[in-house]
2 protein chains.
Amino acid sequence: MRRETYNEFRRLCQEHNLAATHQREKIYEALVSRPGHYSPEEIYEQVKQDLPSISLATVYKNLKTFLHAGMLREVSPHHGSWRIDANRHPHHHLVCTHCRSITDLDFDSLGPVKLHGKLPSGFRLEKFTIEAQGICKACTAAETKQH
Amino acid sequence: MRRETYNEFRRLCQEHNLAATHQREKIYEALVSRPGHYSPEEIYEQVKQDLPSISLATVYKNLKTFLHAGMLREVSPHHGSWRIDANRHPHHHLVCTHCRSITDLDFDSLGPVKLHGKLPSGFRLEKFTIEAQGICKACTAAETKQH
DNA sequence: AATCCTTTAATAACTATTATCATCTGATAA
DNA sequence: TTATCAGATGATAATAGTTATTAAAGGATT
Ligand SMILES: [Mn+2]
Ligand SMILES: [Mn+2]
Ligand SMILES: [Zn+2]
Ligand SMILES: [Zn+2]
């Protein structure tokens with residue numbers, strides 16, 4: 001691992017009160033040292049090359065820990081199960097990052113996406129979709145109650 | 001089912017050479033007759049109220065059939081498995097609707113999202129994310145070869 | 001009504017994720 | 001340095017989500 005990456009890892013662990021274990025170090029490295037948007041399984045395969053006895057459950061658990069600490073992000077806040085949309089009109093979505101609920105947002109309530117320059121060559125664009133991510137009304141209310 | 005919805009269903013089935021079965025009718029109705037972004041399991045539960053002997057596999061198969069025919073949409077083209085992003089800088093994504101690959105798109109390559117009016121009250125916005133959906137270079141190349 | 005082809009129900013198989021728990025280890029202070 | 005212990009790990013069972021298989025049933029066409 002690059003010295004710089006290692007130091008950053010130690011710092012992040014300290015900041016978030018996490019033990020800097022070998023497993024966490026390698027999981028972090030597997031993600032940060034190369035581009036891409038990997039699945040837990042892919043990270044597991046990568047880390048196993050250095051730590052053959054690591055458990056897949058450890059990978060899952062630490063990814064959650066890292067996400068919770070804000071050290072990493074998830075690509076999509078609604079990966080859990082397949083969701084079907086019967087609204088065939090162009091429109092956007094409000095997505096709650098807490099309960100994962102999805103509601104329609106009128107197409108005209110957001111301006112068009114402006115492209116500066118060009119997309120990477122070879123990519124055949126079909127459409128832009130915009131998601132407004134945040135906390136829905138119900139979750140905000142539930143949160144407030146607790147305090 | 002509303003007469004209008006029923007006629008639309010028959011028309012769509014004819015257009016796409018699909019037998020207009022009871023099961024398909026109820027699956028279509030479960031989606032179209034109410035707002036929301038349902039999972040196959042949720043649709044199954046709804047349809048079972050009318051057709052108690054329907055199989056979950058039938059729901060899955062027909063959702064795929066409908067999607068393929070363009071009668072419905074999926075909310076996200078990358079729901080399959082959890083994907084982690086180690087890039088903490090604000091940025092967007094190119095998503096291939098064919099192979100589901102995800103690549104980064106520089107934040108500045110797209111203009112800011114313009115909000116016309118207000119979001120539904122109670123929703124606490126964290127950020128907008130934009131996905132450029134289309135066919136990636138590799139998939140386009142593979143497609144071209146076949147012809 | 002008979003035939004053909006599609007669709008369905010049931011269920012096994014498979015993939016993805018989470019829970020459980022005995023054991024181990026990193027961090028801290030003696 | 002060693003002892004201590006909360007927190008972390010590995011093994012694996014359990015659960016959730018999806019796909020494959022196949023015999024039987026049902027639309028469509030004649
Ligand atoms: Mn929608
Ligand atoms: Mn990214
Ligand atoms: Zn919510
Ligand atoms: Zn592709």
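Given the structure is predicted, the values throughout are model-derived calculations rather than measurements.
To the nearest angstrom, P of D:dT19 lies 14 Å from CD of B:E41. One can place CG of B:N17 at 14 Å from C1' of C:dT7, the figure rounded to the nearest angstrom. The separation between B:Y44 atom OH and D:dT19 atom P is 17 Å, rounded to whole Å. Spacing between atom CD of B:Q14 and atom P of D:dG27 amounts to 16 Å, rounded to whole angstrom units. One can place CD of A:E25 at 16 Å from C1' of D:dT9, the figure rounded to the nearest angstrom. Atom-to-atom, CG of A:L67 to P of C:dT17 comes out at 13 Å; the value is rounded to the nearest Å. The nearest whole Å value for the distance from the NZ atom in A:K64 to the C1' atom in D:dG7 is 18 Å. Taking atom CZ of B:R24 as the reference point, atom C1' of C:dT7 lies 6 Å away to the nearest angstrom.
Contact annotation: B:T21 does not reach the phosphate of C:dT6 (side-chain N/O to OP1 or OP2, under 4.0 Å). Contact annotation: A:N62 reaches the phosphate of D:dT9 (side-chain N/O to OP1 or OP2, under 4.0 Å). Checking the phosphate oxygens (OP1, OP2) of C:dG26, a side-chain nitrogen or oxygen of A:H22 falls inside 4.0 Å. Neither OP1 nor OP2 of C:dT25 sits under 4.0 Å from any side-chain N or O of A:Q23.
Nearest approach of B:Y28 to B:E8, heavy atoms of both residues: OH-OE1, 2.8 Å. Of all heavy-atom pairs spanning B:G70 and A:R88, the tightest one is O-CD, 3.5 Å.
B:T58 comes within 4.0 angstrom of a nucleotide base, judged by non-hydrogen atoms across all strands. Counting non-hydrogen atoms under 4.0 angstrom, B:A57 reaches a base of the nucleic acid.
At a threshold of 4.0 Å, the pair B:R73-A:E126 does not count as salt-bridged, since none of the basic side-chain nitrogens sits closer than that to a carboxylate oxygen.
When the nearest nucleotides of DNA chain C are assigned to B:S53 and A:A20 by heavy-atom distance, the more 5′-ward of the two goes with B:S53. If you find the closest nucleotide of DNA chain D to A:L51 and to B:R10, the one lying nearer the 5' end belongs to A:L51.
The hydrophobic clustering, which links ILVMFWY residues whose side-chain heavy atoms are closer than 4.5 Å, places B:I84 and B:V95 apart.
Of the candidates A:R83, A:H93, A:H78, A:H93 is the only one forming a side chain to side chain donor-acceptor pair (under 3.5 Å) with B:H37.
Across D:dG10, C:dT17, D:dT18, the shortest atom-to-atom separation from the side chain of B:L56 is found for D:dT18. The nucleotide whose nearest atom lies closest to any side-chain atom of B:K61 is, among C:dT8, C:dT17, D:dT9, C:dT8. In this structure, of C:dT8, C:dG26, D:dT12, it is C:dG26 that holds the atom nearest to the side chain of A:A19. Comparing D:dT9, C:dT17, C:dA9 by their nearest atom to the side chain of A:Y60 picks out C:dT17.
Between the CG atom of B:L94 and the CG atom of A:L125 there is a distance of 8.5 Å, given to the nearest 0.5 Å. The OG atom of B:S76 sits 7.5 Å away from atom CD of B:Q133, with the distance rounded to the nearest 0.5 Å.
Here the two rings, on B:H89 and B:F107, have centers that are 6.0 Å apart or farther.
Within residues 73-86 of chain A, the residues that place at least one heavy atom under 4.0 Å from DNA chain D are, in residue-number order, A:S81, A:W82.
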